[in-house]
Amino acid sequence: MAICAMGRVRHGRSFLLSSLPCSTSAKIDSSEPSSSSSSPISPAELEFLVLRQFSAGKFRHLLRSVVSLPSVLMAACANLALDLPPISPSEALSRRRISIRRLSDELSSAQFRPQSSSLRLLPSRLKGHPLVLPNLELKLAMEALRLVLSVVYNPRFISFSYAGRHTAVRYLKTSVRNPSWWFRVALPRQPFSPDLVRRLKTTLEEKIDDPALLDLIGNLFQSQSISIDLGGSDMARGFPQETPLSALLLNVFFHELDRDLQELRLRVKNQNPELADFEKNSVFHNPPRLYAVRYLDEILVVSSGSKALAMEARERVVFFLETKLGVRVCRQGTAVHSAENEKISFLGFEFLAMAPSSLYKPISEKAIRAKKKQLKQKRGREEQQKNARETRRKKLGLKILSHVFKKMKKTGDFFFDFSIESLVREEFNNWGSEVVLEFFRSKSEELRSWHRVLSRGDFLSLPQIREQLPADLLSSHDRFQQKLDQWMNTHQEQHQEQNQEQEQEQEQEQDQEQEQDQEQEQEQEQDRTVKDMTRLAMRVNAPVDLIRETVKLAGLTNKKGQPRPIKLLIALEDADIVKWYAGVAIKWLDFFSCCRNFRFIKTVVDYQVRFSCFLTLAEKHEASKRQVIGHYSRDLKILSSDCEEEIFFPTQREIKMMGDRRLADPKPVDGVLGMILVKLASPETNFACVAHFCCREEAQLYRIRLLQNRLNVDPLKEEKWVRGMGAIHESLNKKCLPLCSKHAGDLYLGKISLQDVDCTSFVDV
């Protein structure tokens, strides 16, 4: 499962194309917007229109006044568009033979019938439910309805009703304090029956007074254009059998349960208030708390307190689901477990409460010494760079001074024809004095060498020589020696004294740092001990056994866990084979990036998935694995049509640098592993790409091959399928879809899913 489609964001954009011309949107005023507008409405304008329909505590006439507007339908069109269209939206709609005017009239007059805008497919092996696929026109109507209902209900949803899986994981890791008991609501697989649809319409009637809109939602369920299976694993994963509107309606259906849980949480919090700040310093106080997380039909309740509190919450949730919502609950699976001793599966991850020292292990003394050594080396390198810069500056200054002195010696003076002569002289004087002073301050070794050279062979200090020389020469020599000793030895002594003082200061600073480090280590050890005794943290792990079972079922590994080739992929081109493996690798790395054992996932991707790709390419070309690695390199580089190297599979360096603390909701694509697209050798290329609003006319035919049909197993039977792994409906097996090269590659890489193409436009071959 991936991001909930309720608040879907495509390729980093909002649900409206921000790059469309802003001049086409109407200004917000009290007048009715023109229904003939052919430009997408902005989010602010849409919110204004929806709120304007609010009166007497309910939203009225939403279908006629908002959903059916051409600007709202164009906003839905912009949301479904995969790329920025090079042509106008109206031209893209005309190519798809979709009339916004006709669709708007049918919606406003309540004459739109989903049965006439959908395609019913029967399973190939006559088992399971038939699949009803909406065409692009019906998708536009449902997307416009979702946009309007989102404005109505998104501000009213309870805070623990999450629209993304990693967002829910972030809450469990950071906000849940001291979990002691928890339970997960186990729902057996059950269809969304007409009785549940009536309860949903009753919930919608609390805020919406629009019989035509409610009848439209009922017709969508009756025609099976919206198909929801509670307790299944097919929602919010990008499969064609579920729609983005179904996720929003499911959140509306469980909204009453969310409010009931919120009331219980507030009651527990009011009965057990926290202590004041001055009292927390003298006593450890962990008041009982109740936490809840819901993502679509997956519900987890965590209690920080006694087991009786968790049991009370369990009985209340089960009673509400069975009595007021009419949902069947597996009571045996909805059992209360110890958060510290028993792990629980939720959202495709494994959660366990642990002591902070076990989860975040303290740094060893060896690591601390290595870190200090690294910091010391870093400071040394910075000092060397600083000295090198100063040396280069001094050398440049001395060169300029020597050049100036040579010119003055030859010509006697400088002559300038400009008025800046005084400024230039002053600048040279300042620069020269700074360089000379800096030289005398820092170059102690050079000063000593100069002193030795000038004092060498001091024969004028001998008495027998001084008696034979004139007094003027002796006095000038003595003055020179005094000046020499004054400048050379004085600076040398001062520099030595400064060095000694600096060394003493450094020793004192080191002693102080050692004392501070020891005090900090003692404080940290005390804090760790106290936290281990009073707190519990949440650990999130990837299900290792299920991942091993998945790679074995898909054929990536043999029974011993060694990589093996997938012979079904041999029919693909080399670039498509690499893209298929890259799609599997990227999705797993994105999805499990928040897990504590992320290193295991990186090993699976870097070894089993990568080398299975090597073996598949070797099997196709009848070559050895070493030859394939030598040709494509370990990073699986592929030459494009422009003879440029392209890398689709994550490189070994990228995988190595990935961390386990990144929380970013992955895209809703989960069918990469269970689907293979085989290009057909068809000479006809006059097909239009079936991706939403794609303008490329020359498309190739691709046949869909599903994993469960190749293995001859039923995904509904958990004993033969991986528990929690979704599957594409088997009625799409061996269907042919015309796709351009770009969108076919995006399907391989998992950037788009079968929800993003018009599956009703398949070609019978």
Side-chain angles (χ1 to χ4, degrees), residues 4-6 58-60 62-63 67 107 110-120 128-134 138-139 141-150 152-154 156-157 161 185 187-236 239-260 294-299 317-329 729 755:
C4 171
M6 179 191 65
K58 290 187 178 182
F59 294 89
R60 305 177 187 276
L62 289 177
L63 182 62
V67 178
L107 288 173
Q111 296 179 356
F112 182 75
R113 295 292 178 264
Q115 292 85 350
S116 61
S117 301
S118 57
L119 178 66
R120 187 181 183 90
H129 299 287
L131 176 63
V132 177
L133 296 174
L138 181 54
K139 286 184 178 180
M142 289 193 294
E143 182 64 19
L145 182 60
R146 186 192 69 84
L147 293 178
V148 175
L149 292 180
S150 298
V152 175
Y153 281 99
N154 277 349
R156 292 171 173 81
F157 286 142
S161 174
V185 179
L187 300 179
R189 193 179 184 96
Q190 53 191 302
F192 208 76
S193 62
D195 186 27
L196 299 182
V197 175
R198 286 193 295 270
R199 294 176 185 270
L200 172 63
K201 294 172 67 175
T202 303
T203 305
L204 290 170
E205 288 176 352
E206 295 179 1
K207 287 295 178 185
I208 299 176
D209 183 11
D210 192 350
L213 187 144
L214 298 178
D215 291 341
L216 176 60
I217 294 177
N219 291 334
L220 290 173
F221 279 99
Q222 185 178 1
S223 64
Q224 296 183 357
S225 300
I226 296 180
S227 179
I228 299 176
D229 283 344
L230 296 177
S233 57
D234 300 330
M235 287 187 295
F239 294 148
Q241 58 262 36
E242 57 94 15
T243 60
L245 180 60
S246 61
L248 177 60
L249 295 178
L250 197 62
N251 285 334
V252 175
F253 178 74
F254 284 106
H255 183 55
E256 293 183 6
L257 175 64
D258 297 341
R259 288 189 297 188
D260 189 71
R294 186 182 65 79
Y295 176 74
L296 297 182
D297 59 343
E298 298 189 57
I299 305 170
V317 170
V318 172
F319 176 79
F320 195 96
L321 288 173
E322 292 180 343
T323 305
K324 297 187 178 181
L325 295 183
V327 178
R328 290 187 290 111
V329 181
H729 199 276
Q755 275 190 7

Notebook entry, point to check: Do Val132 and Ser227 touch side chain to side chain, with heavy atoms closer than 4.5 Å?
Noted result: no

Notebook entry, point to check: Which atom names give the shortest non-hydrogen contact between Leu216 and Pro114, and what distance separates them?
Noted result: CD1-CG, 4.2 Å

Note to self: Whether the side chain of Arg294 engages the backbone of Leu296 through a donor-acceptor N/O pair (distance < 3.5 Å, no angle test) should be reported.
What the structure shows: yes

Notebook entry, point to check: Do Asp258 and Asn251 come close enough that some side-chain heavy atom pair is under 4.5 Å?
Noted result: no

Notebook entry, point to check: Is there a donor-acceptor pair closer than 3.5 Å between any side-chain N or O of Lys201 and the backbone N or O of Ile217?
Noted result: no

Item checked: Nearest-0.5 Å distance, CG of residue Leu250 to NE2 of residue His255 -> 13.5 Å

Margin query: With ring-ring contact (aromatic ring centres under 6.0 Å, His included) as the test, pick out the partner of Phe253 among Phe157, Phe192, Tyr153.
Written below: Phe192

Check: Looking at Gln755 and Lys139, what are the two nearest heavy atoms and their distance?
Finding: O-NZ, 3.1 Å

Next item on the list: Check whether any side-chain heavy atom of Gln222 sits under 4.5 Å from a side-chain heavy atom of Asn219, and report yes or no.
Entry: yes

Margin query: Testing the basics here: between Pro134 and Leu138, what is the closest heavy-atom pair and its distance to 0.1 Å?
Written below: CB-CD2, 3.4 Å

Notebook entry, point to check: Hey, what do you get for CE (Met142) to CG (Leu248), rounding to the nearest 0.5 Å?
Noted result: 12.5 Å

Next item on the list: Please round to the nearest 0.5 Å and tell me the distance separating atom CG of Asp209 and atom CG of Leu204.
Entry: 12.0 Å

Margin query: To the nearest 0.5 Å, what is the distance between CG on Leu62 and CG on Leu145?
Written below: 9.0 Å

Checklist line | Nearest non-hydrogen partners of Thr243 and Ser225, listed with the distance | finding: CG2-O, 3.8 Å

Item checked: Over 12 non-hydrogen atoms of neighbours within 6.0 angstrom of NZ in Lys324 -> no

Notebook entry, point to check: Distance from Ile226 atom CD1 to Glu242 atom CD, nearest 0.5 Å?
Noted result: 11.0 Å

Next item on the list: Determine yes or no for a side-chain-to-main-chain donor-acceptor pair under 3.5 angstrom, with Thr323 supplying the side chain and Phe320 the backbone.
Entry: no

Checklist line | Test item: Lys207 side-chain N/O and Phe59 main-chain N/O as donor-acceptor pair under 3.5 Å | finding: no

Check: Closest heavy-atom contact between Asp297 and Gly232?
Finding: OD2-N, 4.2 Å

Checklist line | Between OG1 on residue Thr202 and CG on residue Leu196, distance to nearest 0.5 Å | finding: 11.0 Å

Next item on the list: Of all the heavy-atom pairs spanning Leu325 and Arg199, show the shortest one and how long it is.
Entry: O-CD, 3.0 Å

